[in-house]
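Position 1 is the first residue of the sequence; numbering continues from there.
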Amino acid sequence: MSGQISSMQSVRKKEKIWTKDFILICLANFFIFLGFQMTLPTLPLFVEQLGGNDQIIGVVVGIFTFSALLIRPYAGHALESKGRGFVYLTGLIIFVLSVGSYSIISSIFFLLGMRIIQGAGWGLSTTATGTIASDLIPPSRRGEGLGYFGLSGNLALAFGPSLGLLLVDEISFHLLFLICATLGLTAFLLSVQIRFKKAVQHSVQPTVHKWDVYEKSALKPSSLLFFITATFGGIASFLPLYTVQKGIEGIQWYFFIYAVALMITRTFAGQLYDRKGHRAIFLPGVALIFTAMLLLAWLPNSLALFIAAFLYGFGFGTIQPGLQAWAIDQAPKDRKGMANATFFSFFDLGIGIGAMTYGQISHLFGYQSIYYTSAVSVLLSACIYLFYLKKEQNHAKS
């Protein structure tokens, strides 16, 4: 038995993750996420400059994620029928053009329109990039590989929000958005060098049902993710404004510390999922995020802000790669793209509903109430997870 285990571990080590194409997709992912993350904390400030209130800020943030959500089912089908490269490169082009257009926008109405278009590009590109990375990672190391791939986005998160907030104090919003579009263009130039998996050629074209917009096997991990990412909608949209209201400094460091904690988890969380499954990662991660939400609701000083950033990053970084690997592992071979689309659709839905809901909540009850509500959302995720586990146990007994 020990010989078999040793042999399996030896084979696993020989399966390379860091190929040229995997490095290219990680670099491309870094640049597109850097451009995106620089806009995340600065767009609410831009909306304020244009004359918008908290409710409008919530709509501007949320409408982006809803357009991404609507495009993901098409992206999931197109990944299999038209190929990874077509979907990914199209998404990148749309992203570059839409973000670049922010540099000439002077009204909230037109900003909303371009946010819808940007969301479509983001939905195409992020659905594709996760599937492309999954294609390039050996199945036996999928959790580990997706964790490493996630590092590219986490590095962007480490610098993007802080860089955006620093730059906006020195340059105009219009120049900032041009820089973000240039970063997206860099991602495109790197991506054209990748050897993408070709579209599957069928002798008889498979029937695509009109309402085939999700992968059933991915629903459990995706639904859990929804309640977690809803909390991110409140953080990304309103935390900069909340800290200003409370007179607390260091919001730039919040995003940096959060990203550093995410990067730490990428070194072990995926491997832990590969070895022990989702039971080893989910509830511990949820406990950390729940604590972070309570700290943000309290928020007496900058130290509490920084501790919350670390706890949230460590918790989310522990959970996300495992849930994504769980969603992909359960899907049939010809439905991996749709599984990834389902996963990120729930990701988007959580952020979008969170941002819009918290915009209303903050308008009625203040910013503090956002984070108490977020804590409840995290608890709901834990309860649903325990319900899924109980169903699995009952099914196994029968």
Side-chain angles (χ1 to χ4, degrees), residues 17 22 25-26 29-30 32-33 65 68-69 72-73 75-76 79 84 87-88 122-154 156-157 214-232 262-263 265-286 289 313-333 335-351 381 384-385 388:
I17 291 177
F22 184 71
I25 194 65
C26 286
N29 197 53
F30 169 77
I32 190 68
F33 265 83
T65 57
L69 171 68
R72 288 200 191 279
L79 284 169
R84 280 37 169 168
V87 177
Y88 186 45
W122 188 250
L124 289 170
S125 62
T126 53
T127 301
T129 191
T131 308
I132 293 163
S134 180
D135 290 340
L136 298 170
I137 299 166
S140 65
R141 303 182 71 181
R142 183 163 284 140
E144 179 185 358
L146 287 173
Y148 293 144
F149 172 70
L151 271 173
S152 59
N154 300 153
L157 179 56
Y214 68 93
E215 170 51 40
K216 183 179 179 181
S217 62
L219 286 179
K220 285 183 180 180
S222 300
S223 62
L224 297 172
L225 185 74
F226 167 83
F227 290 98
I228 300 298
T229 57
T231 66
F232 194 76
L262 273 175
M263 287 187 280
T265 64
R266 299 304 190 190
T267 63
F268 70 86
Q271 296 178 57
L272 188 60
Y273 169 83
D274 288 335
R275 293 198 304 267
K276 298 188 176 181
H278 51 78
R279 296 188 186 205
I281 61 169
F282 188 76
L283 289 178
V286 161
I289 295 173
F314 208 90
F316 189 78
T318 300
I319 289 172
Q320 190 268 332
L323 289 181
Q324 187 177 4
W326 180 8
I328 294 171
D329 285 345
Q330 297 298 312
K333 287 184 178 180
R335 299 279 293 177
K336 301 295 185 185
M338 184 55 74
N340 214 44
T342 301
F343 183 80
F344 279 106
S345 290
F346 277 78
F347 195 112
D348 292 336
L349 193 62
I351 294 176
S381 182
I384 293 168
Y385 179 72
Y388 288 155

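In this structure, I281 CD1 and Q320 CD are separated by 9.5 Å, a value rounded to the nearest 0.5 Å. Between the CG atom of N29 and the OH atom of Y88 there is a distance of 5.5 Å, given to the nearest 0.5 Å. Taken to the nearest 0.5 Å, the CG atom of L323 stands 14.5 Å off from the CZ atom of F226. With rounding to the nearest 0.5 angstrom, the CD1 atom of I319 is 11.5 Å from the CZ atom of F314. Separation of atoms CH2 (W326) and OG (S222) is listed at 9.5 Å; rounding is to 0.5 Å. Here the straight-line distance linking atom CD1 of I384 with atom CZ of F227 works out to 4.0 Å at 0.5 Å rounding.
L79 approaches T131 most closely through the heavy-atom pair CD1-OG1, 3.5 Å. Contact between G317 and A269 at its shortest, heavy atoms only, is O-CB, 3.8 Å. Of all heavy-atom pairs spanning T127 and G123, the tightest one is OG1-O, 2.7 Å. Contact detail for Y385 and H278: the closest heavy-atom pair is OH-ND1, 2.8 Å. Across D348 and T65, no two heavy atoms sit closer than the pair O-CB, 3.3 Å. The two residues A331 and A339 make their nearest non-hydrogen contact at CB-CB, 3.6 Å.
The aromatic rings of F316 and F347 sit perpendicular to each other, their planes meeting at more than 60°, with 30° as the lower class boundary.
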Verdict with reasoning, Y148 to I137, per side-chain contact (heavy atoms from CB on, under 4.5 Å): CA-CA 10 Å; Y148 293 144; I137 299 166; over 6 Å; no
Given side-chain contact (heavy atoms from CB on, under 4.5 Å), test I17 with F149 step by step and report yes or no. CA-CA 10 Å; I17 291 177; F149 172 70; over 6 Å; no
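Put simply, the side chain of T126 reaches to within 4.5 Å of the side chain of R72, judged on heavy atoms. Looking at heavy atoms from C-beta onward, F343 lies out of side-chain contact with E215 at the 4.5 angstrom threshold. With a 4.5 Å cut-off on side-chain heavy atoms, I228 and V286 count as touching. The shortest distance between side-chain heavy atoms of L219 and F346 falls below 4.5 Å. Taking 4.5 Å as the limit, every side-chain heavy atom of V87 sits out of range of all side-chain heavy atoms of R84.
Looking only at distances, no side-chain donor or acceptor of S134 sits under 3.5 Å from a matching main-chain atom of G130.
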